[in-house]
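Residue numbering restarts at 1 for every chain, and letters A, B, ... go by the order of the sequence lines. The structure displayed is predicted, hence computed values, not measured ones.
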Amino acid sequence: MNLARTFATTGRVLSQIRHDPRTIGLLLVVPSLLIGLVAWIFTDTDVFDQIGPAMIALFPFIVMFLVTSIATLRERRSGTLERLLSMPMGRGDFLLGYALAFGLLAVAQTAIAVSFAVWVCGLDITGSIWLLFAVAVADAVLGTALGLLASAFARTEFQVVQFMPLLVLPQILLCGIFIPRDQLPPVLETISEWLPLSFAIDALQAVAADSESAEWILSKVLVIVAWIVGSIVLGSITLRRRTP
Amino acid sequence: MMNSADAATGAAVIVDDLHVKRGGTAVLDGLSLAVPSGAIVGLLGPSGSGKTTLMRSIVGVQVVASGSIEVLGLPAGSAPLRTRVAYVTQQASVYDDLTVRQNLAYFRRVLGAPASDVDRVIERTDLGTVVDRLVGSLSGGQRGRVSLAAALLGEPEVLVLDEPTVGLDPVLRVQLWELFRSLADDGATLLVSSHVMDEAKRCDRLLLMRDGELLADDTVEGLLAFTGTDDVETAFLRLIERGAPDLPSREPDRPRRARHAAEPEEPEHLDAADGEVSPGTSPGTSAESGPEATR
């Protein structure tokens, strides 16, 4: 590990994005737009109050997964990844640098999404808005970490794109949005109890309803953080300096 | 600049019995060669002859089936070499959405080179007028020079350059070769690949490759004298026609090469050439009348 190289990478990724204002705009606004759309769809019902918290977890998670896996894919295609790996760049430094850069973006994106959901769409949050924010940020960074894992694992761009349905969609299907998790068939329920997105949705719904203590919610966040760390470690093991 | 351990052998890179497979087929099948320290060595051969694979192996980013590669006395790709060996890929591997300066500043930090290095390499590659432009907005030749500039950061002892002059106008090509020469004069070792045969005369030594095999390893003069030709392109064809008894064997003071030379070449493999030898070849050279080339 070398923090100078990690931070150099973070700074470099952020300056790349700074040269692309449209990407910044999309990154920051798209999750909020989608949350607004969901709120609009369910205008005359109370559904939005039930699924609104889950939407705060879902959209930033998906967007960050996609953006991150494509960004690192570009790095592979342009030959810059190979160049970096022929330099004294640690594989962990590289992935962590990316995670930090996109993590910062995730903070901004989530802040906008949470604010938009609560103050514009009128999402009813009984618990602490700070806790809601903390869970949502952890979840968006999880999207980044899984995106990094996917692109470290993939050898081609086609593979990366297919990791999206493979890693993300099952989590969405099993996280309790479609049907409460305790009503799933037992095997699926057990699987869902291990998936990080389930922790995020549980925590967000608990904050919204103020049904659990802050410690309980933070313990869920801790599990998400463990998944983030695990993905980056696994990604740095999978990334190869030598390629066929 | 030269490591004392290498000074004994005088070789910056020693490749011994290298086997590399890509996509299931053998690209390099038992290649042995040495790159002398402080020299410009031209790696010449048609597209598909295994030049890039050899270079990737030397840099340590290629999965190698078997064989050994020593660079500056260390196994290729080992951690201490990552600041001492620089690699420039055929395609400019720099960030299009950063400025020239931002690119170089980033690679400098990754290498841990002194901050003043950025201005030094900008100066050396003559990029002063475009430092604040996005690399994506530059011409192909300029982007290539940014990629080269990044490789000069931290004053590497070995530079592996894959077709650095492709698509450049003649003036720029001459300038680049002057730059290579000055780097070698400063003690660096350069392995430069090209499929343009007339760039060969600017090299101290030549490695001629074809179908993953080494046809010749000699100085330009030695090669021309041996083949009785006056340009490298014809010499290359002559070697293929003759079924090339190995040139290196003429130099008994180079044991590595002699060892390689001891291996008999398969004549049927070598007496054929196709139009791919060089884009500059005019059709109808005698070599083309040979039997179907073995692939």
Interchain contact, B/Arg22 with chain A, by part (heavy-atom threshold 4.5 Å): side chain
Honestly, the part of A/Arg18 sitting under 4.5 Å from a heavy atom of chain B is side chain
For the residue pair A/Arg83 and B/Tyr87, confirm or rule out a side-chain donor-acceptor distance under 3.5 Å. no
Using heavy-atom distances under 4.5 Å, tell me whether B/Thr53 contacts chain A through its side chain, its backbone, both, or neither. neither
Under 4.5 Å from any heavy atom of chain A, what part of B/Ala86 do you find: side chain, backbone, both or neither? neither
Pair B/Glu163, B/Ser194: side-chain N/O donor-acceptor within cut-off below 3.5 Å: no
Does the side chain of B/Val85 reach to within under 4.5 Å of the side chain of B/Pro156, using non-hydrogen atoms? no
With a 4.5 angstrom heavy-atom cut-off, which part of B/Leu81 approaches chain A: side chain, backbone, both or neither? neither
May I ask you to decide if A/Thr72's main-chain N or O and A/Arg77's side chain share a donor-acceptor pair within less than 3.5 Å? no
If we ignore angles and hydrogens, is there a donor and acceptor under 3.5 Å between the side chains of A/Thr9 and B/Tyr106? yes
Taking the six-membered ring for Trp and the full ring for Phe, Tyr or His, determine whether the centres of A/Phe61 and A/Phe65 are under 6.0 Å apart. no
Tell me, side chain or backbone of A/Arg241 under 4.5 Å from chain B's heavy atoms, or both, or neither? both
So, A/His19 and B/Asp97: side-chain donor and acceptor under 3.5 Å apart, yes or no? no
Which of the residues A/Glu82, A/Met89, A/Glu75, A/Arg74 is involved in the greatest number of heavy-atom pairs with chain B at under 4.5 angstrom? A/Glu82
For B/Gln102, is it the side chain, the backbone, both, or neither that has a heavy atom closer than 4.5 Å to a heavy atom of chain A? side chain
So, the part of A/Ala8 with a heavy atom under 4.5 Å from chain B: the answer is both
Which of A/Ser78, A/Gly90, A/Ser15 touches chain B most, by non-hydrogen pairs under 4.5 Å: A/Ser78
Turns out that what part of B/Ala105 lies under 4.5 Å from chain A's heavy atoms comes down to neither
Taking atom types as modelled and ignoring hydrogens, do the side chains of B/Ser193 and B/Asp162 form a donor-acceptor contact shorter than 3.5 angstrom? yes
